[in-house]
Number of protein chains: 2
Amino acid sequence: MESEDLKKLGLKATAPRMKILSFLETSKVRHMSAEEVYKALLEAGEDIGLATVYRVLTQFEAAGLVSRHHFEGGNSVFEIESGKHHDHILCVKCGRVDEFVDETIESRQRKIADEKGYAMTDHALYIYGICSSCQKKS
Amino acid sequence: MESEDLKKLGLKATAPRMKILSFLETSKVRHMSAEEVYKALLEAGEDIGLATVYRVLTQFEAAGLVSRHHFEGGNSVFEIESGKHHDHILCVKCGRVDEFVDETIESRQRKIADEKGYAMTDHALYIYGICSSCQKKS
DNA sequence: TCACTAAATGCGAAAGATTCTCATTCTTCT
DNA sequence: AGAAGAATGAGAATCTTTCGCATTTAGTGA
Ligand SMILES: [Mn+2]
Ligand SMILES: [Mn+2]
Ligand SMILES: [Zn+2]
Ligand SMILES: [Zn+2]
């Protein structure tokens, strides 16, 4: 019963929230815009408004259930929180997204924040390029 | 005569372009949104439309004269190209922006792209935190 | 210097993403 | 089951950026 999970976070276990959460947990695609989540739920026969999708994703973000990314291209992209921090490398041709962790980069970032006198709260690293399969095509 | 600079880039030396370019070159603030550039020019008595500011900044970006960043908060931020690649660390309280270069991070990024099979085209690294002066206030 | 042509500009309309408003519908608690 | 407050859905509103088009301007050659 995952409705308890939501309650622990101070969120009422409403149908839209449960549907969105379980959709994110089971989707094969990890990184999705609010619009994509909305459309996927529509096609699955769920009747949840776009505004609700935005609201719920924002609440989930505040609760630490999902994280939000600002990839190039304007709109926010969400993914269910895996617990492990990671950064992203994206294909500018096909939109493919891969994840990576690099402890050297992480510690360098902490060092830079320190040197500049900042108390670091967050960071975002996006590498853009052409993935191997798109390289073959061109 | 900087109008020659624009012509070399294949851009007609129009009044709006010259005004925007010299404003960017002389502004004490390095990182500005299109709206901010537009308003600053208005206050300086220049009569340039917002659409033109957007168009010109986009053209300057294509010509390599300015670079565009997507800091958190939705809108694009522009800065005049300094020639030296650098990344950014931003204060989430006051909006202050500092720049840095870290060759270790740069080479690690190239390595990651390589390992993942990507032909890297670009990358963006943003560190967010609270700057020293904002830390004192709270 | 003058005139021509293509390119650039300004304005308002339009588009895309996200948030807001508010009447209606649920959840939770008793 | 009933009450009170929170959440939802639909569309309006907002914000940023781009478009469309009539008008102006820069660049070129006579
Ligand atoms: Mn991810
Ligand atoms: Mn910069
Ligand atoms: Zn690709
Ligand atoms: Zn600050």
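By convention in this document, chain letters (A, B, ...) are assigned in the order of the sequence lines, proteins followed by strands, and residues within each chain are numbered from 1. These numbers come from a predicted model, not from an experiment.
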Exercise for review: May I have the distance from A:N75 (atom CG) to C:dT19 (atom P), rounded to whole angstrom?
Suggested key: 12 Å

Check your understanding: Rounded to the Å, how far apart are B:L50 CG and C:dG12 C1'?
Key -> 12 Å

Study note, to complete from the structure: The correct set of residues in residues 32-49 of chain A placing a heavy atom under 4.0 Å from DNA chain D is A:D47, A:I48, A:G49

NZ/NE/NH1/NH2 to OD/OE distance under 4.0 Å, [X] and [Y]:
X	Y	value
B:R68	B:E79	no
A:K8	A:E4	no
A:R108	B:D102	yes
A:K116	A:D114	no

**Study point:** Test side chain to side chain contact (heavy atoms under 4.5 Å, CB included) applied to A:V97 - qualifying residues, sequence neighbours left out
**Key:** A:H31, A:F71, A:H88, A:L90

Review point. What parts of residues 51-71 of chain A reach DNA chain C, counting only heavy atoms under 4.0 Å away?
Key: A:A51, A:Y54, A:R55

Treating [X] as the side-chain partner and [Y] as the backbone partner, does any N or O pair qualify as donor plus acceptor under 3.5 Å?
X	Y	value
B:R17	B:K12	yes
B:T121	A:Y128	yes
B:S27	B:L24	no

Please write out each protein N/O paired with an N/O of nucleotides 25-30 of chain C under 3.5 Å, distance rounded to 0.1 Å.
unit_1: C:dT28; atom_1: OP1; unit_2: A:A13; atom_2: N; d: 3.3

Practice item. Could you tell me from which nucleotide to which nucleotide of DNA chain D, 5' to 3', there is an atom under 4.0 Å from chain A heavy atoms? Key: D:dG5 to D:dG11

Enumerate, atom names and distances included, each donor-acceptor pair closer than 3.5 Å involving a side-chain atom of residues 38-50 of chain A, sequence neighbours excluded.
unit_1: A:E46; atom_1: OE1; unit_2: A:K19; atom_2: NZ; d: 3.0

Review point. Quick one: CZ on A:R110 to CD1 on A:I105, what's the gap to the nearest 0.5 Å?
Key: 12.0 Å

Check your understanding: What's the spacing between A:H70 NE2 and A:S76 OG if we round to 0.5 Å?
Key -> 4.5 Å

Review point. Are A:I89 and A:V92 connected, step by step, through hydrophobic side chains (Ile, Leu, Val, Met, Phe, Trp, Tyr) whose heavy atoms are closer than 4.5 Å?
Key: no

**Study point:** Donor-acceptor pair between A:R55 and A:T52 side chains, under 3.5 angstrom
**Key:** yes

